[in-house]
Student: 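Let me begin by handing over the structure; questions about it come next.
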Amino acid sequence: MAPPRRSPYGRVVVMGLSWEGHNHYLHSGPVQNADQELNMVLRAFGNYGYRVERMHIPASSQLRSQFPHVLQRALVQLTSPSVSTLIVLYYQGHGDVDRHGHLSLSNGNGGHMHWSEIVNAVINVRSDVLTILNCCHAGAALRSVVSRPNYENHVKEVMMAVPMGYKTTWGNAYGFAACLEQVLRDRRNNWDSNFNGNPYHWAEAINRTMREKGHRSGQVAVRELIRPPPGRAGQPIILSPRSHC
């Protein structure tokens with residue numbers, strides 16, 4: 001084992017994104033409600049020296065229509081031209097696909113937000129952004145990959161808990177959130193020698209942990225949301241502690 005690679009960013013902010021009023025309950029398991037599980041993941045990120053914040057997608061359709069603009073403003077405010085910044089946008093909630101096969105984020109009660117609207121907010125932010133989708137059909141996010149040039153000159157990647165057509169589970173030891181939290185905890189002080197902290201390596205580690213816990217097969221995947229700028233080709237996002245813990 002080796003000490004973790006030091007974060008190359010001057011600032012890392014994790015934004016937990018969930019629906020207003022979305023807090024399902026369970027009677028048994030490691031967590032009793034969805035909010036507890038989200039907080040478990042955010043706490044693990046906080047232990048890496050990352051700043052942690054929360055945002056809610058409004059239940060009101062009127063307020064929800066303005067949410068992409070609200071989200072983009074909030075993300076822009078987290079960046080600074082003088083400090084290299086990584087933003088991790090972690091969504092936990094329902095996911096569905098529309099009739100065209102595109103991902104739609106859902107509160108389970110009829111409220112929807114098109115993933116493409118979130119992509120537009122993320123792409124325009126002048127910092128590296130890793131979006132993590134812990135929802136059913138997360139792989140459908142690839143239908144909204146941006147084909148235009150990368151004017152912002154930053155890397156934008158998405159980690160998807162399951163492929164399109166698959167459902168996520170929560171409130172158990174082998175679900176995505178629980179395995180992500182364990183992998184973050186296990187690697188906070190020690191890394192495998194061939195682990196360099198890019199999202200692709202994190203996805204492999206999560207998949208391996210899922211299999212070790214009896215899940216049939218971890219299918220977590222990472223893809224680019226937009227082609228990296230020429231100067232960043234072969235230089236993915238690095239997710240590592242800001243200081244040795």
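Basis for what follows: all heavy atoms, side chains included, without hydrogens, waters or symmetry-related copies.
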Student: Is S18 close to H56 at the side-chain level, that is, under 4.5 Å between some pair of heavy atoms?
Tutor: yes
Student: Which residue is it: M164, M160, H137? I am looking for the one with a side-chain contact (heavy atoms from CB on, under 4.5 Å) to L103.
Tutor: H137
Student: Could you tell me whether a side-chain N or O of T85 sits under 3.5 Å from a main-chain N or O of V83, the two making a donor and an acceptor?
Tutor: yes
Student: Which heavy atom of E152 sits nearest a heavy atom of H154, and at what distance?
Tutor: O-CD2, 2.9 Å
Student: Under 6.0 Å from the CZ atom of R11, do we count more than 12 heavy atoms belonging to anything else shown?
Tutor: yes
Student: Looking only at non-hydrogen atoms, find the nearest pair between G93 and C135 and report the distance.
Tutor: O-CB, 3.2 Å
Student: Would L63 end up clustered with Y91 when hydrophobic side chains under 4.5 Å apart are linked, directly or stepwise?
Tutor: no
Student: What are the two closest heavy atoms between A59 and E20, and how far apart are they?
Tutor: N-OE1, 2.9 Å
Student: Within the structure provided, determine whether S127 and S80 are in side-chain contact (heavy-atom separation under 4.5 Å).
Tutor: no
Student: So, do V220 and M159 sit near enough that their side-chain heavy atoms are less than 4.5 Å apart?
Tutor: yes
Student: Using modelled atom types and a 3.5 Å cut-off, is there a donor and acceptor pairing between side-chain atoms of Y48 and backbone atoms of L184?
Tutor: yes
Student: S144 and S116: which non-hydrogen atoms are nearest, and at how many Å?
Tutor: OG-CB, 3.8 Å
Student: Below 4.5 Å, heavy atoms only, C-beta onward: do M113 and W19 meet side chain to side chain?
Tutor: yes
Student: Taking side-chain hydrogen bond (donor to acceptor under 3.5 Å, both in side chains) as the criterion, tell me which of R187, E212, K213 meets it with Q182.
Tutor: K213
Student: Please round to the nearest 0.5 Å and tell me the distance separating atom CG of D96 and atom CH2 of W115.
Tutor: 15.5 Å
Student: Considering all heavy atoms of both residues, which atom of A203 and which atom of V222 are nearest to each other, and what is their separation?
Tutor: CB-CG2, 3.8 Å
Student: Say you draw a straight line from CG of N134 to CG of L17; how long is it, rounded to the nearest 0.5 Å?
Tutor: 12.0 Å
Student: Do the side chain of D128 and the main chain of V155 share a donor and acceptor less than 3.5 angstrom apart?
Tutor: yes
Student: Are N47 and R188 close enough that some pair of their side-chain heavy atoms sits under 4.5 Å apart?
Tutor: yes
Student: For salt bridge (Lys or Arg N to Asp or Glu O under 4.0 Å), just list the numbers for R208 and E204, CA-CA rounded to whole Å, side-chain angles, deciding distance to a tenth of an Å, and then say yes or no.
Tutor: CA-CA 6 Å; R208 186 163 54 249; E204 290 173 4; 5.4 Å; no
Student: What verdict does the side chain to side chain contact (heavy atoms under 4.5 Å, CB included) test give for L75 and V122, after you've listed the backbone C-alpha separation in whole Å, the side-chain angles of each residue and the deciding distance to 0.1 Å?
Tutor: CA-CA 8 Å; L75 296 179; V122 166; 4.3 Å; yes
Student: Taking the side chain as C-beta and beyond, is there a heavy-atom pair between N107 and I57 under 4.5 Å?
Tutor: no
Student: Which pairs with one or both residues in residues 195-214 pass ring-ring contact (aromatic ring centres under 6.0 Å, His included), sequence neighbours excluded?
Tutor: W191-F195, F195-H201, F195-W202
Student: Any side-chain heavy-atom pair from L239 and F45 closer than 4.5 angstrom?
Tutor: yes
Student: Does the side chain of D98 come within less than 4.5 Å of H112's, by heavy atoms?
Tutor: no
Student: List the steps, then state whether side chain to side chain contact (heavy atoms under 4.5 Å, CB included) holds for K167 with V162.
Tutor: CA-CA 7 Å; K167 294 185 176 181; V162 292; over 6 Å; no
Student: In Å and rounded to the nearest 0.5 Å, what is the NE2 to CG distance from H114 to N120?
Tutor: 12.0 Å
Student: Is a donor on one side and an acceptor on the other found under 3.5 Å between the side chain of K156 and the backbone of V125?
Tutor: yes
Student: Quick check: closest heavy atoms across Y9 and S84, and the distance to 0.1 Å?
Tutor: CA-OG, 3.5 Å
Student: What's the spacing between L78 CG and L86 CG if we round to 0.5 Å?
Tutor: 11.0 Å
Student: I'd like to know whether CZ of F67 has more than 12 heavy-atom contacts from other residues, nucleotides or ligands below 6.0 angstrom.
Tutor: yes
Student: Mind checking the CE-CG spacing from M40 to L42? Nearest 0.5 Å is all I need.
Tutor: 10.0 Å
Student: In this structure, would I238 and V12 fall into the same cluster of hydrophobic residues linked by side-chain contacts under 4.5 Å?
Tutor: no
Student: Are I118 and V145 in one and the same hydrophobic cluster, where Ile, Leu, Val, Met, Phe, Trp and Tyr link if side-chain heavy atoms are under 4.5 Å apart?
Tutor: yes
Student: Pairing donors with acceptors under 3.5 angstrom, does anything connect the side chains of N39 and R54?
Tutor: yes
Student: Are L180 and Y174 grouped together when hydrophobic residues (ILVMFWY) are joined by side-chain heavy atoms under 4.5 angstrom apart?
Tutor: no
Student: Could you grab the distance from atom CD1 of I206 to atom CZ of R211, nearest 0.5 Å is fine?
Tutor: 11.5 Å
Student: Is there a path of hydrophobic side-chain contacts, each under 4.5 Å between heavy atoms of I, L, V, M, F, W or Y residues, that connects F176 with Y166?
Tutor: no
